[in-house]
Structure formats: C-alpha cells, structure tokens
Amino acid sequence: MELKQIQYFTEVVKHGSFSKAAEHLHLSQPNISKMVKSLEEELNTKLLIRTTRKFELTDTKKVLYQCGQQIAQSVQHFYQGFDDIAKTTSYNKN
C-alpha cells in the first residue's frame, strides 16, 4: 500500500466523486480511478460501492478513510515542522 493510493482514496471520499478529486489533485480522473482500483486489488476488497452517479463507502472501509485522514494530517504536520525549522535555521554554505 502506497501513500498516494491512500491519499487518492481519501480525496475521492472527501470530494464525493472521482472527477472532483482529480480536479483537486490536478490529475486526470482515469489516474485516480486506476489508483483506487489498484488499492482495492491489493487489499482484495471493494472500498467503494459504485453506482451510475455516486458511490458509497463499504462499512468496513470507513476505517481506511479515517486512517487516511490521520496519515494526511501527520504528513502535513511533518512538512510544516520541517518548514519551520528551515526558516529558523541558517546554514552557512561555505
């Protein structure tokens, strides 16, 4: 399981559609669909119940969405902390 797979999955759920998630991530909708499908194949389970106009999370896969949100927050906190340190630390290039 890759971080990008989880990120794309959580964006789809958050935005309520593959196309809106793709727009938000500045990617094509087929790329998002492929990534979510590969995650489903890797986990050997359906994460989303797809219908013609919408999708629903399967009951047990809501946990993946919640964990995905926590992972995204952790990554964001890491980069924020990293940026804060970089701004306050001066490195002598000589």
Side-chain angles (χ1 to χ4, degrees):
M1 184 178 326
E2 296 178 23
L3 184 57
K4 280 188 179 191
Q5 290 174 308
I6 296 168
Q7 178 189 14
Y8 294 177
F9 170 75
T10 57
E11 287 296 319
V12 168
V13 174
K14 183 170 126 181
H15 292 284
S17 81
F18 285 87
S19 57
K20 288 180 184 176
E23 185 178 311
H24 177 76
L25 293 167
H26 306 287
L27 298 168
S28 70
Q29 185 271 331
N31 285 341
I32 302 293
S33 295
K34 286 179 189 176
M35 192 66 80
V36 171
K37 183 174 174 139
S38 71
L39 181 60
E40 289 178 323
E41 289 172 355
E42 185 176 334
L43 296 173
N44 197 31
T45 189
K46 287 283 185 197
L47 297 172
L48 304 169
I49 300 169
R50 294 164 178 85
T51 62
T52 54
R53 297 227 174 233
K54 63 178 186 169
F55 65 85
E56 296 176 17
L57 280 173
T58 58
D59 288 338
T60 57
K61 301 330 175 234
K62 290 177 183 177
V63 173
L64 178 59
Y65 175 67
Q66 292 168 346
C67 290
Q69 288 180 310
Q70 292 172 352
I71 291 167
Q73 282 181 328
S74 294
V75 170
Q76 184 178 9
H77 287 259
F78 165 76
Y79 281 115
Q80 192 171 20
F82 185 81
D83 287 344
D84 291 345
I85 290 170
K87 288 176 186 175
T88 60
T89 305
S90 299
Y91 290 99
N92 187 351
K93 294 183 179 182
N94 294 330

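If you're wondering where the values come from, they're calculated on a predicted model, not measured in any experiment.
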Novice: For L43, which residues count as a side-chain contact (heavy atoms from CB on, under 4.5 Å) partner, sequence neighbours excluded?
Specialist: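 Testing L43 for side-chain contact (heavy atoms from CB on, under 4.5 Å), a comparison that skips the adjacent residues, returns M1, L39, T45, L47, L64.
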Novice: Scan for salt bridge (charged side-chain N to carboxylate O under 4.0 Å, His left out) pairs involving residues 21-40, sequence neighbours excluded, and state none if there are none.
Specialist: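 Of all non-adjacent pairs touching residues 21-40, those that pass salt bridge (charged side-chain N to carboxylate O under 4.0 Å, His left out) are E40-R50.
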Novice: Evaluate the side-chain proximity of T10 to I71: yes if any heavy-atom separation is below 4.5 Å, no if none is.
Specialist: no
Novice: What residue pairs, at least two apart or across chains, pass salt bridge (charged side-chain N to carboxylate O under 4.0 Å, His left out) with a residue in residues 5-20?
Specialist: E11-K14
Novice: Taking only residues at least two apart or on different chains, which pairs with a member in residues 23-48 satisfy ring-ring contact (aromatic ring centres under 6.0 Å, His included)?
Specialist: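 Pairs touching residues 23-48 that pass the test: H15-H24.
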Novice: Could you check whether any side-chain heavy atom of F18 comes within less than 4.5 Å of a side-chain heavy atom of N31, counting everything from C-beta outward?
Specialist: no
Novice: Testing the basics here: between L27 and Y8, what is the closest heavy-atom pair and its distance to 0.1 Å?
Specialist: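 In terms of heavy atoms, the two residues are closest at CD1-OH, 3.2 Å.
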Novice: When you look at L25 and Q7, which way does the side chain to side chain contact (heavy atoms under 4.5 Å, CB included) test go after all the steps?
Specialist: CA-CA 10 Å; L25 293 167; Q7 178 189 14; 3.7 Å; yes
Novice: Could you list the residues that satisfy side chain to side chain donor-acceptor pair (under 3.5 Å) with S33, not counting sequence neighbours?
Specialist: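 Residues passing side chain to side chain donor-acceptor pair (under 3.5 Å) with S33: Q29.
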Novice: Not counting sequence neighbours, which residues clear side chain to side chain donor-acceptor pair (under 3.5 Å) with Q5? List them please.
Specialist: S38
